[in-house]
Amino acid sequence: MSARDKFAGGTAVVTGAGSGIGEGIARVAASLGMNVVLADVARDRIEQVAADINASGASAIPVVTDVTDIAALERLADAAYNRFGEVTLAVNNAGIETIGFSWEIPDETWDRLLSINVRGVVHGSRIFARRMLESGKPGYIANVASIGALGMMPTQAPYMMSKHAVLSFTECLYLEMQLKKAPIQISAVLPAQVATRIFEDAPADRQSGFVERQREMMHAMITQIGVTPEQAGETILNGIAAGDFWVSTHPDTTAEVAKRRAEYLAALEMPALAEQARVLVEEA
Ligand SMILES: NC(=O)c1ccc[n+]([C@@H]2O[C@H](COP(=O)([O-])OP(=O)(O)OC[C@H]3O[C@@H](n4cnc5c(N)ncnc54)[C@H](O)[C@@H]3O)[C@@H](O)[C@H]2O)c1
């Protein structure tokens, strides 16, 4: 079934919808005929995206939400159900990056990253799962991890571990829905390179030349070779509509990286950096 057939007339809630992949998913969802609830800490940006969507004839509301705050996530769900009724699709997408050696990244940056990338996804999923289960209607929960959930990368430890955690949580949630025979489809989204602001905004120790250069290289890489957020949004919504658990923006790359991960685990190899990643950290 096409994404339009599946989702038109439904309601999508997207966290981190003020930029990048979340914004791309929100705009594409609106173009498919969905009502869209845009959640982000960046008020100006979600107001702008909502204004664009409403001007196009679809319906969107911005709801300023910090995903680290469970009460704010509950208010987001209330706003969505009050305005549009049943939520069809909840996309837990908000996430941040950080660069630096594990022991040098400030305590508060570690905590903030884990809080946004892990707690935000976990509690967002729990809140929408409860409401979807209560309604008894078919629903979709998609959690945005990363291709990094299948790999390792020095100087991005908080990010990498957060994405492994999101994937693990999402696998468990999938199985819980199977146990309950619930009509809720669970998907893990593993984007590869998408041209967004994520590395521009990444807290980095600007005193360290190496860390700052690495951040700039990562930013240049995703903006030069990445797909656009709208392309990512389209591929992701098509994958969810197709009933996939593994949803990728770059299916061939994901398959290759997953195969490499499986071989590494099967042979209990020593941790090693992927060939393509060496250039990013060689001056360390
Ligand atoms: N861009 C990529 O290449 C890529 C690759 C793999 C995974 N991802 C994942 O995709 C997701 C979206 O990233 P992106 O690249 O679009 O980044 P982005 O920086 O363009 O967008 C992230 C959005 O999240 C919002 N946000 C940050 N903290 C928040 C909070 N506490 N509460 C609510 N919103 C908050 C930001 O304001 C921003 O609008 C992230 O989970 C990221 O890890 C991105």
Side-chain angles (χ1 to χ4, degrees), residues 13-28 37-50 62-73 75-76 90-99 108-109 111-125 142-151 153 156 158-167 169-170 187-203 215 217-233 235-236 246-250 253-254 257:
V13 178
V14 185
T15 67
S19 169
I21 296 172
E23 178 180 347
I25 292 172
R27 288 185 187 274
V28 175
V37 181
L38 307 156
D40 205 294
V41 283
R43 175 187 295 278
D44 291 359
R45 296 206 301 261
I46 44 173
E47 284 179 352
Q48 184 58 56
V49 179
V63 183
V64 175
T65 309
D66 182 340
V67 298
T68 66
D69 177 355
I70 299 180
L73 285 167
R75 287 195 297 274
L76 168 66
V91 185
N92 295 293
N93 160 79
I96 63 167
E97 255 283 12
T98 183
I99 304 276
E108 54 278 15
T109 304
D111 290 348
R112 178 137 185 89
L113 184 141
L114 293 176
S115 201
I116 295 170
N117 292 18
V118 181
R119 290 182 76 248
V121 171
V122 169
H123 294 302
S125 299
N143 292 335
V144 179
S146 166
I147 196 158
L150 303 173
M153 182 71 192
Q156 289 184 37
Y159 184 80
M160 299 302 283
M161 68 174 274
S162 75
K163 296 305 182 177
H164 282 252
V166 168
L167 176 57
F169 167 70
T170 308
S187 300
V189 182
L190 275 63
Q193 297 88 4
V194 184
T196 72
R197 60 188 299 134
I198 193 164
F199 282 103
E200 243 172 291
D201 286 355
R215 195 181 65 80
M217 271 196 283
M218 293 294 300
H219 175 64
M221 186 199 39
I222 62 167
T223 46
Q224 282 160 19
I225 68 167
V227 297
T228 67
E230 291 215 10
Q231 285 169 328
T235 317
I236 290 167
W246 300 96
V247 175
S248 169
T249 55
H250 298 66
T253 313
T254 306
V257 172

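Whatever order the structure lists ligands and atoms in, that order sets their numbers, starting from 1. We count residues from 1, following the sequence as given.
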If you look at every heavy atom in [X] and [Y], which pair is closest and at what distance?
X    : Y    : answer
N117 : G95  : OD1-CA, 3.3 Å
S19  : R197 : OG-CD, 2.8 Å
D40  : R45  : OD1-NH2, 4.3 Å

### Message
For atom 4 (C) of ligand 1, tell me which residue out of G226, A192, S146 has the closest non-hydrogen atom.
### Response
A192

Please write down residue, atom name and distance for the protein heavy atom closest to [atom].
atom                    : result
atom 33 (C) of ligand 1 : T65 O, 3.2 Å
atom 27 (C) of ligand 1 : I96 CG2, 3.8 Å
atom 14 (P) of ligand 1 : T196 OG1, 3.5 Å
atom 24 (O) of ligand 1 : G16 CA, 3.5 Å
atom 29 (C) of ligand 1 : V41 CG2, 3.7 Å

Under 3.5 Å between some N or O of ligand 1 and some N or O of [X]?
X    : value
D66  : yes
V194 : yes
I116 : no
V67  : yes

### Task
Report the part of R112 (side chain from C-beta onward, or backbone N, CA, C, O) that has a heavy atom under 4.0 Å from ligand 1; answer both or neither where that applies.
side chain

### For ligand 1, the portion of Q193 having any non-hydrogen atom under 4.0 Å away
backbone

